[in-house]
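Okay, structure first, notes after.
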Amino acid sequence: MHLHKYEKVWLTFGMASLVIFLLIIGFAAFWKGTHPQSHLETIDQNNVEAHDSFKPENLGLTEVADGKYKVNIVASAFNYDFGVDKDEKAVKTIRVPQGSTVLFTITSKDVVHGFQVAGTNVNMMVEPGHISRYEAVMKNKGEFTIVCNEYCGIGHHQMFGKVEVY
Amino acid sequence: MAKKQKSNTVASPEESSNLKGTFIMVMILGVLMVSAWFGAYWLFISR
């Protein structure tokens, strides 16, 4: 079979990129531990309060160490439950200092929801029966809107919140 | 009846097919794909 020299060039280019991208995927998966956010733990969706992270008093923002925070959230149609503040009002804004490491832990009571902190790398699917986790370093200052990016029903657009990095 | 004329010399594929345009398009596409990948990676790192 005769191959034109240009064909040899682009076949080599194509195959080399394939090998490089496969190596990158392998490196990310096996060395860096990249995986779906909901791979670790399952939960009874009808009784999420039984899990320590989702007890009403443990919802919302908690400082676990210097510069390390965790945020526990229960998603349901059509709300993110971040717990309540001192005045028993529902929390809608999470405030963390710049450079802090924040572990978001979230589950759903009913249907599949999304949890995206727009403008950051925090972006997960929230599935009933699974616990999704994502740890992120909040590098940039600003206000970031939390949105549900999986269509979950008629009030989908009302599911939002805010992360404020100061 | 006119006889069909057949050339005795067979041109090599290298000469008969000009793949310059195809080559340029393939390389443009390749560069686009690679830069899209690095763009997404840069976005991931910077956020």
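Not measured: the values here are computed from a predicted model. To find a chain, count down the sequence lines: A is the first, B the second, and so on, and within it residues start at 1.
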> So what's closer than 4.5 Å to chain B heavy atoms on A:Thr120: side chain, backbone, both or neither?
Replying inline: backbone
> So does A:Tyr151 have more than 12 non-hydrogen atoms from other groups sitting under 6.0 Å from OH?
Replying inline: yes
> B:Met27 versus A:Val9: any side-chain heavy-atom pair under 4.5 Å?
Replying inline: yes
>> Counting only non-hydrogen atoms closer than 4.5 Å, does A:Asn140 touch chain B with its backbone (N, CA, C, O), its side chain (CB onward), both, or neither?
In response: side chain
> Could you walk me through whether A:Tyr6 and B:Lys20 pass the side-chain contact (heavy atoms from CB on, under 4.5 Å) check?
Replying inline: CA-CA 8 Å; A:Tyr6 287 164; B:Lys20 203 174 170 189; 4.2 Å; yes
> Is chain A contacted by the side chain of B:Ser46, its backbone, both, or neither, given a heavy-atom distance below 4.5 Å?
Replying inline: backbone
> Would you say A:Phe13 and B:Val26 make side-chain contact, with heavy atoms under 4.5 Å?
Replying inline: no
> Crowded around B:Leu32 CG? As in, over 12 foreign heavy atoms under 6.0 Å?
Replying inline: yes
>> With side-chain contact (heavy atoms from CB on, under 4.5 Å) as the criterion, how do B:Leu19 and A:Trp10 come out once you've worked through the C-alpha distance, each side chain's angles and the decisive distance to 0.1 Å?
In response: CA-CA 11 Å; B:Leu19 292 184; A:Trp10 71 60; 4.2 Å; yes
>> Please check if the number of heavy atoms outside A:Lys92 that lie under 6.0 Å from its NZ is greater than 12.
In response: yes
> Going from NE2 on A:His4 to OG1 on B:Thr22, what distance comes out if it is rounded to the nearest 0.5 angstrom?
Replying inline: 8.5 Å
>> I'd like to know whether CZ of B:Phe38 has more than 12 heavy-atom contacts from other residues, nucleotides or ligands below 6.0 angstrom.
In response: no
> Can you name the nearest heavy-atom pair linking A:Lys139 to B:Arg47, along with the distance?
Replying inline: NZ-O, 3.4 Å
> Taking the side chain as C-beta and beyond, is there a heavy-atom pair between B:Trp37 and A:Ile20 under 4.5 Å?
Replying inline: no
> Which heavy-atom pair separates B:Leu43 from A:Asn121 by the least distance, and what is that distance?
Replying inline: O-OD1, 4.3 Å
> If you count the non-hydrogen atoms of other residues, nucleotides and ligands that lie under 6.0 Å from CZ in A:Phe21, is the total more than 12?
Replying inline: yes
